[in-house]
Amino acid sequence: MDCKGDTNHGESLPWLDETKQDYVEYHDQEWGVPVLDDKTLFEFLVLESAQAGLSWYTILKRREGYRIAFADFDVEKVAAMTKEDELRLQQDTSIIRNKLKISSTITNAQHFIAIQKEFGSFRNYLWSFTGNKVLVSRYTMLEDYPATSKVSDALSKDLKKRGFKFVGSTIVYAYLQAAGLINDHSLDCYRRQEVIDSYQALGLEYELV
């Protein structure tokens with residue numbers, strides 16, 4: 001995985017199979033870009049929690065299935081789903097048909113709404129864990145990358161305390177990467193600086209870590 005020229009993705013992302021165009025598009029267009037709206041933050045939470053024990057590409061291939069199954073990631077509609085909905089979704093081949101993951105998606109939506117009510121938005125809650133800054137890493141080699149961090153540990157602990165499921169620190173770290181609270185594009189990846197350059201327009205500060 002060593003792209004040349006202006007589209008070098010670096011050599012430190014083992015999940016990025018460049019033979020898969022949708023994978024490359026996800027990296028180039030979404031991964032690490034700061035997410036500031038609650039709907040997308042909920043979508044990423046659904047997808048990342050569904051990933052537990054699986055590869056990210058397994059979930060990425062089913063993203064549209066999840067969108068349809070879970071009401072276009074409308075958190076209010078998901079939170080209102082019933083046991084009958086759960087049974088129906090357990091037969092839906094377009095998503096991961098894990099009973100616990102399906103039920104936790106619904107209860108996580110309920111807890112998500114509770115956080116929105118307490119903090120004004122899920123964004124306010126989530127970004128407080130990084131001091132409302134993007135944490136920009138300076139990694140190049142695969143072995144440099146952590147699976148967790150102090151921030152993911154703290155967020156995971158708090159989410160579990162609030163009743164969320166499938167939010168271990170490793171999953172939460174991946175969530176922070178995906179939602180752009182952590183910029184883990186490697187030093188030799190062309191997207192790293194492009195994403196950094198976007199912060200000013202978004203009104204965000206960043207910190208090198």
Side-chain angles (χ1 to χ4, degrees), residues 1-52 54-64 66-67 73 122-123 126-153 155-156 167 169-209:
M1 185 185 61
D2 184 14
C3 294
K4 304 299 183 182
D6 292 338
T7 57
N8 180 22
H9 298 95
E11 300 181 358
S12 52
L13 297 177
W15 54 264
L16 180 57
D17 183 344
E18 294 184 294
T19 66
K20 298 180 173 69
Q21 185 59 34
D22 50 353
Y23 229 174
V24 173
E25 288 176 359
Y26 171 73
H27 168 274
D28 291 357
Q29 298 173 18
E30 293 186 82
W31 193 69
V33 176
V35 176
L36 304 177
D37 67 282
D38 277 12
K39 182 175 182 180
T40 306
L41 288 173
F42 179 64
E43 174 183 355
F44 280 8
L45 183 64
V46 171
L47 298 177
E48 293 291 352
S49 62
Q51 182 195 349
L54 303 170
S55 72
W56 174 241
Y57 193 61
T58 297
I59 303 304
L60 189 63
K61 288 190 300 182
R62 291 168 172 78
R63 190 175 189 177
E64 184 58 26
Y66 273 91
R67 188 184 309 280
F73 302 108
F122 191 82
R123 168 193 170 176
L126 181 66
W127 280 84
S128 71
F129 284 85
T130 62
N132 293 301
K133 297 178 180 179
V134 180
L135 305 180
V136 180
S137 66
R138 291 174 279 187
Y139 303 132
T140 301
M141 304 304 294
L142 173 60
E143 56 267 26
D144 296 333
Y145 280 81
T148 62
S149 68
K150 290 182 179 179
V151 174
S152 68
D153 288 345
L155 178 55
S156 172
V167 287
S169 189
T170 300
I171 288 296
V172 167
Y173 189 82
Y175 178 62
L176 293 169
Q177 290 175 309
L181 286 81
I182 295 174
N183 181 347
D184 262 353
H185 287 282
S186 64
L187 287 169
D188 59 349
C189 177
Y190 85 102
R191 279 294 286 161
R192 182 178 188 272
Q193 190 59 48
E194 285 187 353
V195 174
I196 290 173
D197 290 343
S198 73
Y199 298 155
Q200 185 173 2
L202 295 171
L204 293 172
E205 298 180 357
Y206 70 94
E207 177 182 345
L208 295 175
V209 296

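Starting from 1, each residue takes its place in the sequence as its number.
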Of N183, V151, D184, which is the lone residue that meets side-chain contact (heavy atoms from CB on, under 4.5 Å) with L176? V151

Can you check side-chain contact (heavy atoms from CB on, under 4.5 Å) on Y175 and V167, steps first, answer last? CA-CA 9 Å; Y175 178 62; V167 287; over 6 Å; no

Can you confirm whether Y206 is buried at OH, in the sense that more than 12 heavy atoms of other residues, nucleotides or ligands lie under 6.0 Å from that atom? no

Could you go through V209 and R138, starting from their C-alpha distance and side-chain angles, then the distance that decides it, and tell me whether this counts as side-chain contact (heavy atoms from CB on, under 4.5 Å)? CA-CA 7 Å; V209 296; R138 291 174 279 187; 5.8 Å; no

Could you tell me the separation between the NZ atom of K150 and the CG atom of L135, rounded to the nearest 0.5 Å? 12.5 Å

Can you give me the closest heavy-atom contact between R63 and F73, atom names plus distance? O-CZ, 4.3 Å

State, yes or no, whether a side-chain contact exists between R191 and V33 at a heavy-atom distance under 4.5 Å. yes

Sorted by chain and number, sequence neighbours left out, salt bridge (charged side-chain N to carboxylate O under 4.0 Å, His left out) with K39 holds for D72

Is a donor from one side chain sitting under 3.5 angstrom from an acceptor on the other, for D28 and Y23? no

Determine the interplanar angle of the W56 and Y26 rings, folded into 0 to 90°, and report it as parallel if under 30°, tilted if 30 to 60°, perpendicular if over 60°. tilted

Apply side-chain contact (heavy atoms from CB on, under 4.5 Å) to Y199 and E205, showing your working. CA-CA 7 Å; Y199 298 155; E205 298 180 357; over 6 Å; no

If I take atom CG from residue L126 and atom CG from residue L155, how far apart are they, to the nearest 0.5 angstrom? 6.0 Å

Value for CD1 (I171) from CG (L45), rounded to nearest 0.5 Å, stands at 10.0 Å

Closest approach of V35 and F44, non-hydrogen atoms and distance? CG2-CE2, 3.9 Å

Rounded to the nearest 0.5 angstrom, the CG-NE2 distance for D22 and H27 is 14.0 Å

Output for pair (W31 CH2, C189 SG), nearest 0.5 Å, gives 8.0 Å

Where is the tightest heavy-atom contact between V134 and G180, given as atom of each residue plus distance? CG1-O, 3.4 Å

State, to 0.1 Å, how close L41 and A179 come at their nearest heavy-atom pair, and which atoms those are. CD2-CB, 3.9 Å

If you count the non-hydrogen atoms of other residues, nucleotides and ligands that lie under 6.0 Å from CD in E194, is the total more than 12? yes

If you compare all heavy atoms of D38 against all heavy atoms of R123, which two are closest, and at what distance to 0.1 Å? OD1-N, 2.9 Å

Does one side chain, of Y139 or D188, offer a donor that lies under 3.5 Å from an acceptor on the other? no

Please report the interatomic distance CD1(I59) to CG(L47), rounded to the nearest 0.5 Å. 7.0 Å

Which heavy atom of G32 sits nearest to which heavy atom of H185, and what is that distance? CA-NE2, 4.3 Å

Going through the checks in order, is the side-chain contact (heavy atoms from CB on, under 4.5 Å) test met by I196 and V136? CA-CA 8 Å; I196 290 173; V136 180; 3.9 Å; yes

Polar side-chain atom of T170 near backbone of T148 as donor-acceptor pair, under 3.5 Å: no

Is a side-chain N or O of R192 found less than 3.5 angstrom from the main chain of S137, in a donor-acceptor match? yes

Under 3.5 Å, is there a donor-acceptor pair between the S152 and S169 side chains? yes

Is the closest side-chain donor-acceptor distance between Y173 and D153 under 3.5 Å? no

Tell me yes or no: between the side chains of T40 and D37, is some donor less than 3.5 Å from an acceptor? yes

Is it the case that atom CD in E143 sees more than 12 heavy atoms from other parts of the structure closer than 6.0 Å? yes

